[in-house]
Amino acid sequence: MKIITCYKLVPEEQDIAINADGNLDISKAAPKINPFDLCAVETGVQLKGLIDDCSITAMSVGGKALTNPKARKDVLSRGPDDLTVVIDDKFEQLLPHQTARILMAAAQKTGFDLIICGDGSSDLYAQQVGLQLGELLGVANINAVSKIISAEPGKLIVERALDNEVEVLELVLPAVISVSADINEPTIPSMKTILAAAKKPVTVLSAADLDLSDITELVELVSVIAPKQKTRQNIVIEGDDEQQIAQFAEHLRKALK
Amino acid sequence: MSKLSNIWVFSDIASRLPEIIAAGVALGEKVSAFVIGTEADINRAYSFGATHVYCLGDKDSQKITEDYSNTIAKVISSSTDTNTLMLLAANKRCKALASKLGVQLQAGVVNDVTEINIDNGICAKHMAYGGLAIAEEKINSPIAIMTLSSGVFEAQVADTNNTGEAVNVAFVEPKTPIKCIERRAKQGESVDLGKAKRVIGVGSGIGSKDNLQIASELSEIIGAELGCSRPIAETEKWMDRERYIGVSGVMLKPEIYLALGISGQIQHMVGALGSQTIFAVNKDKNAPIFQYVDYGIVGDINKVMPALINALKA
């Protein structure tokens, strides 16, 4: 079975600052693999353990962050056999329908039986790429997959946890699934797998290598701005002697009523 | 505000339909609802304000709702209405449906929409970067598709005088149908901090696991749920991930939030800023948390917590 696990590089959210004008400053936030996609990679690795003759290709599309050797080694140290990245200057700020379109072209080029994506990414959290990719490829596709029950040639049985119910679904392969964050706990790479990752093959494609004639801009990103803050009382008592704590407790007591 | 000629609406969960129809009434001249179900479900859609109902048939246990996407897409694409919007509930199932429809109808999709503006094209806002920011997107395709967060529009009151006939729509078999082998109710509802009226948040400044016990005692006295900052859940692992407040964690909307030993990095605060009144205890008077509070006290958690328990017990 040929598995593709897709991932996106996103800024580390703990290092994002907010400017006075509400714009986000991501200049100090290093790119990392989207946490949801780590679960997708791990799902692929676990499946490989169950299936004879199975290979995993990690795949990503985007801008120059994907040229970073450390980020490439990071994904490969988690278990995929090889990596395919599609890099182009035009791919810096892709929206989901564009990402799906480019992944479609790349997946058609490499071939696949199963594509695994995360349910969303921690930046825009659009939650569309896996589903749109599957639909564009014309294969079975579903989101919110929380467990793989069985995989055999031509058929995959999965569990899907929805808001109020759980479904057990049978998908005919080839297929695309998007997995939820609770499907597994991604393994932390060991020094051995990190060293081995450096030797794994990487294929770099450009937009010109793929048939990408017409990507319509169905949606455009107008702005990304921090929401305005509510004004607060800002009453701060300095000191913790009995009387001061009593004063604070009194404010709390009033609010509790 | 001029209205769109028609709004298509769908929700797989019946309780979400009234507010989605309400959004349709606010934004469109016509509201066309897709219904999977019985005569009662059709009547219900009319009573909440749908002007047209398209019935996709009875519920079928072997079919998943997402496999109706081809059927819905066929109705929408054969309609004469142009520049229309389709609204669905923002849950996993409707998001899957939305993305499939997006490809089939070559339509732009936005999920978890918290604000819609149709004055200058069709624009939608939704949360991004785990709550640090709001993204605004403009949809350029003739058909726009959105999943709507709950609470954005107020549900209309049902009026059983509003009735009508449904148009029956024949099922269009998808190219690669997904078979549903089993369906069961989800087990064990866990804590939902996002719905709690009172929340106490615990941060690294709490100092020890024993103090966590004291914080828990305080939370019982004031009837609050206990949450935490990221280090408590991820580094210390003293509390479950589902109790962690902030970016990529829980977003709170309580009446009262009391932060104990939390420094107040923006990554935590985005989860707490929806609180009506914010209280904080921290020993460092320069901690950023004090910029966000209504009431704060600069003091030792080991002194303040027991004193608060005594004061509030009385």
Side-chain angles (χ1 to χ4, degrees), chain A residues 13-14 16 18 24 97 122-128 131-132 135-136 138-140 142-144 157 161-172 216-227 229-230 232-240 242 244-246 248-249 251-253 255-256, chain B residues 64 66 91-93 95-96 99-100 102-104 106-111 123 128-130 132-141 175-176 178-186 222 247-248 256 266-267 273 277-279 285 290 292-300 303-304 307-308 311-312:
Chain A
E13 59 265 66
Q14 296 304 305
I16 298 174
I18 294 167
L24 303 192
H97 65 284
S122 64
D123 48 4
L124 284 182
Y125 200 47
Q127 306 149 83
Q128 296 171 32
L131 294 154
Q132 294 212 12
E135 208 60 24
L136 285 166
V139 300
I142 205 70
N143 62 347
I157 297 180
L162 295 160
D163 305 67
N164 48 4
E165 58 189 351
V166 175
E167 286 177 341
V168 178
L169 305 176
E170 182 183 307
L171 282 80
V172 173
T216 336
E217 200 184 37
L218 300 173
V219 179
E220 63 183 279
L221 191 58
V222 178
S223 63
V224 178
I225 292 176
Q229 310 265 346
K230 205 152 77 179
R232 299 280 174 187
Q233 303 270 5
N234 282 118
I235 298 170
V236 178
I237 302 160
E238 279 194 48
D240 56 8
E242 211 174 304
Q244 286 163 319
I245 298 175
F248 181 73
H251 288 302
L252 186 54
R253 193 199 306 277
L256 287 166
Chain B
I64 60 167
E66 289 80 351
N91 57 42
K92 298 261 187 190
R93 198 188 277 298
K95 282 175 195 171
S99 277
K100 287 168 186 259
V103 171
Q104 291 171 21
Q106 292 179 345
V109 180
V110 184
N111 278 324
C123 292
Y129 293 91
L132 284 175
I134 304 292
E136 180 168 15
E137 291 176 22
K138 182 166 190 266
I139 297 175
N140 294 325
S141 52
K175 215 192 308 183
T176 48
I178 294 173
K179 191 167 145 198
C180 184
I181 301 173
E182 188 194 327
R183 186 170 284 143
R184 59 175 191 267
K186 215 168 171 175
I222 67 170
V247 164
S248 70
I256 294 171
I266 186 66
Q267 281 75 13
L273 288 171
T277 312
I278 298 180
F279 290 82
K285 73 168 187 188
F290 291 121
Y292 305 103
V293 298
D294 292 284
Y295 304 97
I297 182 162
V298 182
D300 182 355
K303 257 177 94 178
V304 178
L308 278 181
L312 295 166

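Chain A is the first sequence line, chain B the second, and so forth, proteins listed ahead of strands; every chain is numbered from 1.
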Non-hydrogen atoms of chain A under 4.5 Å away: do they reach the side chain of [X], the backbone, both or neither?
X         : value
Ile256(B) : side chain
Lys175(B) : side chain
Glu182(B) : both
Lys100(B) : both
Leu273(B) : both

Hey, does [Y] have a side-chain heavy atom less than 4.5 Å from the side chain of [X]?
X         : Y         : result
Lys138(B) : Glu136(B) : no
Arg93(B)  : Glu165(A) : yes
Leu308(B) : Ile222(B) : no
Ile18(A)  : Leu24(A)  : yes
Asp163(A) : Lys186(B) : no

* Test side chain to side chain donor-acceptor pair (under 3.5 Å) on Gln267(B) and Glu13(A) and set out the steps. => CA-CA 8 Å; Gln267(B) 281 75 13; Glu13(A) 59 265 66; over 6 Å; no
At a 4.5 Å cut-off on heavy atoms, which part of [X] comes close to chain B: side chain, backbone, both, or neither?
X         : value
His97(A)  : neither
Ala126(A) : backbone
Ser122(A) : backbone
Leu124(A) : both
Glu242(A) : neither
Leu171(A) : side chain
Ile16(A)  : both
Val139(A) : backbone

* side chain to side chain contact (heavy atoms under 4.5 Å, CB included) between Asn91(B) and Leu162(A): does it pass, once the steps are laid out? -> CA-CA 8 Å; Asn91(B) 57 42; Leu162(A) 295 160; over 6 Å; no
Among [options], which residue has the highest count of heavy-atom pairs closer than 4.5 Å to chain A?
options                         : answer
Gln106(B), Lys285(B), Arg183(B) : Arg183(B)
Ser99(B), Ala107(B), Ala96(B)   : Ser99(B)
Ile178(B), Val247(B), Ile64(B)  : Ile178(B)
Gly296(B), Gly108(B), Gly299(B) : Gly296(B)

* To do: Sort out for me which of Gln233(A), Arg232(A), His251(A) touches chain B most, counting heavy-atom pairs under 4.5 Å.
  => Arg232(A)
* **Pick from Leu169(A), Ile245(A), Val166(A), Leu221(A) with the largest number of heavy-atom pairs that fall under 4.5 Å of chain B** => Val166(A)
* With Phe248(A), which residues qualify under ring pair (Phe, Tyr, Trp, His ring centres under 6.0 Å), at least two apart? ->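 In terms of ring pair (Phe, Tyr, Trp, His ring centres under 6.0 Å), with neighbours along the sequence ignored, Phe248(A) is linked to Phe279(B).
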* **Atom pair CG (Leu131(A)) and CG (Asn143(A)), whose distance is rounded to the nearest 0.5 Å** => 4.5 Å
* Asked: How many angstroms lie between atom CD1 of Ile237(A) and atom CZ of Phe290(B), to the nearest 0.5 angstrom?
  -> 10.0 Å
* Asked: Is the closest basic N to carboxylate O distance between Glu167(A) and Lys92(B) below 4.0 Å?
  ->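 Lys92(B) and Glu167(A): not salt-bridged.
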* To do: Just jot down the side-chain hydrogen bond (donor to acceptor under 3.5 Å, both in side chains) partners of Asn140(B), sequence neighbours excluded, or say none.
  =>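 For Asn140(B), the residues satisfying side-chain hydrogen bond (donor to acceptor under 3.5 Å, both in side chains) (neighbours in sequence not counted) are Glu220(A).
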